[in-house]
Structures are given as structure tokens and as C-alpha cells.
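Reminder, nothing fancy here: chain letters follow the sequence lines and each chain counts from 1.
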Amino acid sequence: MAQFKSETQRVDFIKQEEEILERWDREGTFERSVERRTGCEQFVFVEGPPTANGLPHPGHVLTRVVKDLILRYKTMRGFYVRRKAGWDTHGLPVEIEVEKELGISTKGEIETYGIEEFNRKCKDSVFKYEKEWVNATKRVGFWLEMGDPYITFDKNYIESVWWSLKEVWKKGLLYKSHKVVPFCPRCETTLSSHEVAQGYQDVEDPSVYVKFKLKDEEELYLLAWTTTPWTLLGNIALAVHPRNTYVKVKAGANGENLILAEARLDALDDEYEILERFDGKSLENKEYEQLFEYAKVEGGEAHKVITAEFVTLDEGTGVVHIAPAFGEVDYEVCRDKNLGFSQPVNSKGHFTHEVPPLEGMFVKDADRQIIEILEQRGVLYKESKYLHSYPFCWRCGSPLLYYARESWFIAMKSLRDNLLANNEKINWYPSHLKHGRFGNFLEAIEDWALSRERFWGTPLNIWICSECGKDCCVGSIEELKRKAKNSVPDDLHRPYIDEVVLRCDVCGGDMIRVKDVIDCWYDSGSAPFAQWHYPFEVERFKRNFPADFITEAIDQTRGWFYSLLAVSTAIFDTAPYLNVLSLGHILDEKGVKMSKSKGNVVDMTTIFNNESADALRWYFFTVGPLSDDIRFSEQGIIEKQNKFLNTLWNSYFFFVTYAVIDEFNPKAKGIAVESRNAMDRWIISRLNTLTGEVIAAIECFEVHVAARKIEEFVINDLSNWYIRRSRRRFWVQEDNFDKDCAYLTLYEVLVSLCKLLAPFVPFLTEHIYQNLVRTEDEHESVHLCDYPYPDKSLIDADLEDSMELVSGLVEAGRRARSDAGIKIRQPLNDVAVVFSAEKHKKVASLSAMLKDELNVREVKLESTKAGFAAAGDYKEEEVDEDTTLFLNVGLDKELIEEGIVRDVVRRIQGMRKDIDLEYTAKINIMYEGDEAVKEAIDNFSDYICAETLAVDLKEGLPSHYSDNSIYYAKKWNINKNEVHLAIEAA
RNA sequence: GGGCCCGUAGCUUAGGCUGGUUGGAGCGCUCGGCUGAUAACCGAGAGGUCCGGAGUUCAAAUCUCCGCGGGCCCA
């Protein structure tokens with residue numbers, strides 16, 4: 001009985017993949033692939049947790065596929081590789097989704113709605129698309145432990161995060177400050193820098209030049225410029241550069257005197273006359289009249305000129321309006337110079353009662369009115385429009401305000417050197433990120449604004465005594481219980497945690513929790529330890545830290561890649577990962593980023609249903625370096641399906657087809673490679689060379705290099721050369737040694753190739769493996785196998801070189817035939833190759849192959865052109881600089897007859913195919929035609945019968961032969977001769 | 001506005017670090033061939049201002065600088 005199951009040439013890859021998924025589920029293949037390596041060296045991976053409150057994007061699919069490739073590869077290489085799934089669940093994006101659902105939009109509304117119920121909805125919402133995520137993850141073949149994921153809202157996870165923050169606090173790195181932070185007035189919260197970055201848009205803002213009247217001077221004004229007129233209400237100072245030249249000019253219709261930087265004189269519309277020149281320094285401490293008298297100023301002096309290095313002369317007037325409530329540098333410079341502070345705007349971005357004419361107005365909406373007031377007062381010099389980029393809330397779209405808020409910070413700036421030192425321990429792919437984008441970012445690192453005045457997040461674990469002001473950071477649930485005056489809730493989220501009052505260990509007073517939650521980037525940055533509930537459980541963390549490998553897209557450079565390093569540096573002062581692979585983004589066919597708002601996001605389920613997961617994976621792996629952006633093209637995936645997967649399938653199909661016919665059993669034969677023929681030794685050598693190249697490329701994450709090399713091997717070496725060249729060896733009827741060698745070689749190559757490809761295209765390779773290998777004494781899945789390793793003793797570099805030479809000669813020979821107008825089927829007498837003695841030696845052993853490929857009776861290997869160049873029958877074809885090929889294009893009667901016979905055979909083979917005959921079916925042939933053809937058939941009848949499996953070859957036409965036979969007949973024209981051919985199953 | 005990356009044929013790309021014959025492939029296109037050889041294969045052909053400009057050099061796709069376009073990050 002045949003050992004292998006027959007296959008069909010056309011397969012439904014989608015159905016096949018679904019069957020494989022069922023098989024993996026049924027047999028627990030994934031779990032077993034991990035367990036099999038228990039006790040082996042670990043390869044530690046950390047899954048960057050996605051949030052499942054939206055559908056997975058093509059980019060997520062790419063990331064998952066790359067993770068899968070590396071982890072499957074490492075597992076096959078003998079490592080113990082855990083892949084715990086994770087979910088990122090906290091944060092403003094989640095709140096925004098719930099707000100939308102509830103039709104509310106402010107913090108006040110949430111409080112009215114009830115924090116308890118609001119947070120419950122948030123908790124539900126983060127798994128809204130869990131099913132789609134799980135399905136996509138499974139369908140694309142990403143083996144991930146999804147049964148017991150880490151979840152950032154989990155009690156244990158929060159406890160670990162609390163522990164870590166207490167570590168930060170104990171080191172004195174956690175501090176409270178007033179800092180100007182980007183603030184969304186609608187969401188009423190500060191935003192992290194990575195959040196701000198997502199929302200820049202080019203907008204047109206008013207550009208206003210305002211005159212500030214100097215005190216004690218007659219009609220002398222400082223001319224300042226701003227694009228945010230509303231901030232003028234918080235003006236505290238005007239800044240000039242100490243060493244730039246400023247001028248006093250007479251300008252304007254009413255001849256007023258203005259002061260501005262000389263380099264900015266072109267800001268003036270009117271003609272002017274320069275009256276004086278002086279350094280900025282000489283303006284220092286000059287007082288000016290307050291522009292708007294409404295807002296109270298607290299904590300220091302105000303309304304005077306200061307000098308500052310940051311003043312530039314690129315735009316404006318060289319006189320910079322300073323409002324510490326609305327600008328980071330403004331805040332800092334005022335603090336440094338002991339100036340006062342004025343905050344006429346509330347947390348919703350509305351002017352307060354301190355500003356009666358504008359009270360209750362949203363600041364951006366007040367610009368118009370402010371400009372009018374300036375105009376009326378005669379202090380508006382001029383006004384126009386200004387196009388610049390301005391940040392908007394990345395979720396709700398409101399313009400952000402820079403706003404001085406109370407906030408908690410981690411002093412990352414003080415850890416700068418540690419961050420840089422730890423970065424040195426990390427291998428970055430691509431390497432330029434290390435000292436480029438990421439390194440530069442670390443060089444200029446700022447403190448981490450950690451707190452969020454929101455609801456759904458890990459509560460900030462800081463309590464402050466309402467009696468004495470002492471603060472306390474709680475590092476565990478046990479500590480919380482110990483210090484609590486009342487009961488501790490099971491759920492650590494707001495609002496329950498807000499109720500917990502601690503006893504102050506200094507004064508015994510009531511300690512109340514700071515109402516903030518923490519930045520969810522801190523949550524995910526804690527994943528390496530929090531997913532294992534460290535330090536409350538120690539062992540698992542110790543085994544899994546630091547990570548050997550993480551990968552996400554390039555946008556995570558300052559996101560998760562940073563938050564991981566930041567948290568780990570603050571707590572352990574070590575790098576949390578050793579290798580990080582940064583992926584490019586997926587763009588649409590036009591090269592534009594895919595985004596929901598543009599409506600150009602490709603739905604991956606259509607790819608899974610139309611092409612296949614393997615085709616998609618192979619496309620991702622071969623299209624280019626992983627770090628490059630990908631212009632996504634469904635056509636590109638279809639091409640991979642047709643070209644690569646089909647070719648692989650057909651190579652396998654070829655083997656199975658004949659192995660079934662011959663009942664070939666690979667176990668029954670053991671033939672040493674060295675005793676096989678050159679073709680066999682060549683493909684085995686190529687395979688081993690390839691294996692080494694693939695491993696080397698994957699090890700440095702050059703996945704596209706590895707995949708492309710495999711693709712070339714499958715298409716060129718295996719299918720188009722080895723199988724094509726060797727196919728006749730499989731067709732021999734009787735058993736013989738050479739046929740065994742061919743079967744064994746092709747079998748070994750296919751099996752090894754399957755393993756080599758298993759991490760790339762896990763479905764098709766599994767299917768092939770199941771048929772070719774799986775028996776009781778073998779592993780039950782290709783994914784339980786060891787990855788192939790090159791056997792150097794099987795690599796024969798000389799042979800590979802020789803084959804390359806031969807293939808060059810074959811190409812040249814075909815060119816010569818093509819030029820001479822002689823088809824390949826026409827046998828020719830000889831070909832002469834003229835080249836060096838060295839090449840001579842290399843090709844000699846393969847000359848039979850050359851003879852066959854070029855369809856000549858003789859191959860002459862020569863060292864001189866003499867005799868061929870001159871002979872009229874020889875067609876000359878240059879191969880390379882020291883090799884020339886001469887093809888004898890002369891034909892005699894016998895060659896012509898042979899050519900005709902070849903044509904006859906080809907026609908008969910075509911007819912067999914037409915009537916769907918089995919490969920092994922015997923036939924009867926009848927023929928009738930012109931004399932030349934009949935004569936040729938007559939002279940080569942044995943050859944024709946052998947080639948076409950004919951048992952009978954008779955002259956005549958079927959109607960005269962037998963009445964009850966069903967012949968298939970066709971008329972042909974061969975070399976201008978007419979011939980009738982008829983065949984029937986014998 | 002600043003930083004990093006990318007820009008090679010209609011499309012996908014190799015080469016670039018380390019400058020050196022006519023810049024290679026694949027898809028698509030045209031022509032021819034082959035086909036029990038597979039939605040495949042073989043041969044030939046058309047198709048390139050190597051994004052533009054300047055510089056270094058005997059020599060630049062490659063190195064340098066300045067632009068332009070795209071992406072990401074930061075303001």
C-alpha cells in the first residue's frame with residue numbers, strides 16, 4: 001500500500017489552513033511545542049499589550065506575524081519560549097470610547113453619571129473586540145498563550161505597579177510640581193508628550209502685533225507678537241534677547257515710537273525712521289503698563305522686561321510675550337526671575353470671573369473679541385493670519401492649551417546617564433535607532449508627567465495627610481490594609497480606593513488619596529515584572545527578565561520601547577530587553593498611512609478569506625526589510641500565492657504523485673549522499689548552503705533576506721532545475737538504484753525545506769509534513785521538530801560553482817538556438833564549448849546534463865576557438881569573457897527525423913492530457929500522414945512507444961481498425977508535414 | 001520649525017557601509033519558443049534624468065552639502 005496520501009494539483013489553501021488550525025487545537029500542538037523545550041535555555045519574549053477596544057489593524061497583523069516567526073524559529077532552535085498574551089486596558093482612549101457611547105463629554109458629566117458605573121463600562125469596553133483580536137491572532141497563525149493573559153487592570157498587576165512606584169518614591173524620584181503641561185480642556189486632563197505628538201495639525205491662527213506702553217515714557221511702545229491672543233490675559237512679562245540689537249523707530253500714521261529688534265524691522269508695514277539703536281540688555285527691567293487690568297497677579301512682580309536666551313529673530317518682533325500659565329518656557333523663566341503668576345482661565349478652558357467681559361468663554365473662541373478690544377484701545381499694531389501647526393487632543397480633537405497644572409513627575413532627567421548606559425546594552429534593529437532617534441531622545445530626556453486627573457486607570461498610590469501634609473506611597477495591598485482606618489475594597493480602582501483613609505504615622509491624622517490615576521504608559525512599561533506579579537511572586541519574574549526580544553512598530557520608540565526602559569532603569573537600573581526589532585508601518589497602495597479617518601484601512605479578514613494566511617505572511621516577509629514601511633498591495637499577496645506557494649505545492653505534488661505510484665518508502669532505503677549522482681549531491685549541497693544563510697539572516701532579523709533566499713531556492717533550484725532535470729528518473733517503470741536516489745533526495749530536500757519554512761508559512765509546511773513524515777515514531781508536527789542545521793560535509797562549493805557554469809552554458813545554447821531559429825525539440829549534432837582548463841574541469845562531469853539540456857548528440861569541451869569560428873555550420877555565442885559556445889546548426893536526414901519524432905511524441909503526450917489519462921495508463925496509437933512523418937515514426941517506433949507508454953503503434957486510421965474502440969483523434973502539422981494521430985486507452 | 005529613516009523601470013525591489021566594466025532581478029508589457037512543466041517555464045525586446053541641484057574625485061546610484069517628496073518621532 002502506498003505510504004503517502006495522493007494530492008490534487010489544485011488545492012483550496014484556505015480550507016487547508018482551517019483544517020490545520022483544527023488539528024493544532026485538537027492535538028495541542030502549540031502547548032506541546034513549548035513544553036517540549038522545558039528545561040532548555042530560555043528565550044524571553046514580552047508581548048506588547050494591545051487594547052482590544054478597536055478592531056485589529058493591518059499593522060497589528062504584521063507585528064503578530066513577525067513575533068510568531070521569531071518565536072517559532074527560536075523554539076525550533078531548541079529554546080524554551082513562553083509567549084504570554086497581554087492586554088492594555090487603562091487610559092484615556094478607553095474613557096473616550098465610553099463617553100461617546102454615553103453621549104457625554106466632560107469630567108463633570110462623568111462625575112454626575114457616577115464614577116463607579118463609568119469605570120464598570122470602561123472595564124467592559126476594553127474587551128469589546130477581544131473576539132476579533134483572538135480570531136485574527138489565531139487565523140494568522142500567531143501562537144500566543146491567550147488563556148491566561150496579563151491584564152493591566154488586574155488586581156495583581158496593579159499591586160506590582162504600586163510596588164514599583166513605591167520604589168521610585170523611595171528613591172526620591174517621584175515629585176509633585178506645578179508644571180505647564182499640554183492640557184485638553186474638554187477631557188480636562190494633562191496629556192503625555194506621546195499623546196500630544198499624535199495631534200498636531202496645520203491651522204490658521206490670528207497673528208497679532210500688540211503695543212505695550214512703557215511706563216514713564218511718552219508714547220513709546222514695545223511691539224510684541226503672538227498667535228494666541230487669549231494668552232495676553234495672562235501676560236506677566238516681555239522678553240528680549242540680551243545681546244541682539246533693538247531699535248526705537250518712528251512709525252505709523254500717528255507717528256508713535258515703537259521698539260523692536262532691528263532684524264525684524266520688516267514686520268513693520270509702514271515707513272519708519274530709526275531713532276535709536278541699543279542692546280536688548282538695556283531694556284531689562286523696564287516696566288510697562290498692564291495690557292488687561294483684570295487678572296490678579298500673585299507671587300511676584302509683573303509687567304516688566306526681562307532678557308532671555310531663547311528669544312529668536314526668525315519671526316515676530318524679537319519681543320516675546322510671556323504668560324507663565326500658558327507656556328512651559330514662560331513658566332520656567334518666570335520662576336527663575338521670581339515673577340508672579342496669573343491664571344485667568346479655568347480647567348475647562350473658559351475665562352474665569354476675573355475677566356468680566358470674557359467670563360465663561362472658551363479661550364480660543366475669545367480671540368476675535370480680544371482683538372477688537374485691543375483695536376478699540378489703540379494698542380493693536382496690525383493683525384493677519386498665520387499658518388502653523390498646533391496640537392489638538394488626539395482623541396477628542398479639541399485644541400490643546402498649555403496650562404500650568406499640579407502634576408506628579410518621575411525625575412527621569414536625573415536618570416539620564418543611567419538610561420544612556422542601559423541603552424548601550426540593547427541591540428537595536430535597525431541599528432541606527434540606538435544612537436539616532438532613541439539615543440537622541442534619551443540625551444534630551446525630560447521628567448515624566450505621570451499623573452492623570454482622570455478616572456479609569458491605575459490609581460496613583462499616594463496618600464497625603466490632611467493634618468500635617470505628610471505624604472505616603474503605598475506599595476502593596478497588605479500595606480494598604482495595615483495603614484487603612486477603614487476597610488479596603490477588593491477592586492483597587494476608583495471610586496472605591498478614594499474612600500480608603502490611612503492613618504498618618506507622623507500625626508495620626510487622616511491621609512486622603514491623591515485623586516489622580518497614572519499614565520497608562522507606565523502600566524505597559526511595567527509589563528516585564530507586573531505580568532508575573534513581582535515581587536509578590538518572585539520565581540517567574542527572575543526567569544523571565546530581562547527579555548531577549550521584543551518587537552513593535554517604529555512609533556513605539558518613544559512609546560513602549562521608552563516606557564519599558566524608563567521604568568526598568570528607575571527600579572532595577574538595568575535594560576529590560578536585550579534585542580528590540582522596530583517594524584515599519586503599513587501604508588496603502590498610494591503610500592499613505594492607513595487610518596480609520598482616511599477610510600483606507602484594509603480589512604485583513606478579506607485577505608484570510610481570499611488568499612491565505614501563509615500568502616499574507618510570505619508577502620510580509622519577502623516584500624522588504626521589516627524596518628521599512630510597506631505599501632500594502634493585495635495583488636502582491638496574490639503573486640506570492642501563485643509564484644511561491646504554488647511552486648512549493650507543485651514540487652511536493654510531483655513527489656507525492658510518483659511516490660504513490662511507485663509505493664516509495666523513504667525508510668526502506670538508506671543511500672549515502674556521496675554515492676548519489678551529481679544532481680542529487682548538488683541540490684543537497686544547495687539546501688545546506690541555504691540553511692546556513694537562512695539561519696544567519698534570521699539571527700540578525702534580516703527576515704527578508706532569509707525568505708528571499710528560500711524563495712529563490714524553491715523556484716529556481718528545486719522546481720525549475722532539480723525536478724525538471726530529474727523528472728525522467730522518476731518515470732522509469734522498474735525499480736533501480738538511480739530512481740531510489742532521486743526519490744530519496746527529493747524526499748529529504750522537501751522534508752528539510754518544510755522545517756526550514758515552518759516558522760514562515762506554518763500552515764502549508766504542516767500539511768506537507770503531515771503527509772510526508774508523520775508516523776508513529778516521528779514528531780507529530782513540523783513545529784515540534786528541530787530547525788535544520790547546515791551539514792558542512794554535504795556542502796560542495798565546487799559542485800555548486802560547476803552547476804552555475806552549466807546553467808550559464810545552457811542559457812547561451814538556448815540563445816544560439818533561438819537566434820538560429822531552431823527549436824529545442826530539434827536534436828543537433830554537437831555543441832563545442834571553448835574555455836579555460838579550470839572551467840573545463842568543472843564542467844566535464846556535468847557534460848551529460850549539458851548534452852541533454854541542449855538536445856545535442858555530443859558536447860565538445862575545447863580550449864581553442866580555431867576550427868569552430870571559421871566553420872560555417874557553427875553558431876557562435878559568447879557566454880562570458882573567457883567562455884564561448886559554438887552550436888552546430890547543421891541538420892542531416894536522421895536529425896530531422898528525430899526532430900519530427902520528438903514532435904510526434906509531444907503531440908501524443910498532449911492528447912493523453914486532453915483525455916485525462918492517468919500518468920501510468922497504457923495506450924494504443926494509430927497514425928496516418930505524409931511520407932516523411934511515416935518514415936520517421938517507423939524508424940523510431942520503439943522510442944515513441946517508450947515515451948508515450950504505447951503498447952501498440954499502427955499505421956492507419958481508427959475507423960478501419962476496430963468498431964468498438966473509442967479513439968481520440970487529431971490532425972497535426974509537423975515541419976510542414978500533415979499527420980493524423982489517434983490514441984485510445986489500451 | 002528640529003531629528004531619524006526612505007526615494008533606483010508602470011509596480012515590487014537588489015546594489016549603497018568599502019566609489020571603478022554596459023545599474024541587476026521579479027511582476028506587468030511586446031515578440032518568439034516550450035509544455036504529461038505548475039494560475040508554470042525558456043529566449044529576445046521595449047522600458048532608468050538611480051528624486052533634483054551643487055560639491056569631492058581621474059571616476060558618484062554609492063561619499064558630502066543644499067533642496068523636493070513620503071513616513072515616523074519631536075516641537
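- Less than 6.0 angstrom separates the ring centroid of Phe441(A) from the ring centroid of Tyr562(A).
- Side-chain contact check for Trp721(A) versus Asn716(A): every heavy-atom pair is 4.5 Å or farther apart.
- Partner assigned to rC4(B) is rG71(B), using Watson-Crick or G-U wobble distances below 3.5 angstrom.
- With C1' as the reference atom, rA14(B) and rC6(B) are 16 Å apart, rounded to whole Å.
- For the residue pair Gln641(A) and Ser612(A), a side-chain donor N or O sits within less than 3.5 Å of a side-chain acceptor on the partner.
- Rounded to the nearest Å, the gap between the C1' atom of rG45(B) and that of rG20(B) is 29 Å.
- Rounded to whole Å, the P atom of rA25(B) lies 16 Å from the corresponding atom of rG47(B).
- The separation of rG48(B) from rG15(B), taken at their P atoms, amounts to 23 Å, rounded to a whole angstrom.
- Applying the Watson-Crick and G-U wobble criteria (two distances, each under 3.5 Å), rA39(B) pairs with nothing in any strand.
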Under 3.5 Å, which protein N or O atoms sit close to an N or O of nucleotides 68-71 of chain B? Give each pair with its distance.
unit_1: rG71(B); atom_1: O2'; unit_2: Asp629(A); atom_2: OD2; d: 2.7
unit_1: rG71(B); atom_1: N2; unit_2: Arg437(A); atom_2: NH2; d: 3.4

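- Remark: the separation of the C1' atoms in rA61(B) and rG3(B) is 25 Å, to the nearest Å.
- Between rC72(B), rA14(B), rG26(B), one nucleotide has an atom nearer to the side chain of Asp555(A) than all others, and that is rC72(B).
- Rounded to a whole angstrom, the distance from the P atom of rC50(B) to that of rG24(B) is 14 Å.
- Comparing the P positions of rC65(B) and rC4(B) gives an interatomic distance of 10 Å, to the nearest angstrom.
- Here, rC73(B) and rC63(B) have their P atoms 27 Å apart, quoted to the whole Å.
- With ring centers used as reference points, Phe760(A) lies under 6.0 Å from Phe621(A).
- Tested against Trp618(A) for a side chain to side chain contact (heavy atoms under 4.5 Å, CB included), the candidates Leu757(A), Val65(A), Ile637(A) yield a single pass: Leu757(A).
- Residue Arg558(A) has no polar side-chain atom (N or O) positioned under 4.0 Å from OP1 or OP2 of rC74(B).
- The base of rG43(B) does not come close enough to the side chain of Arg815(A) for any donor and acceptor atom to sit less than 3.5 Å apart.
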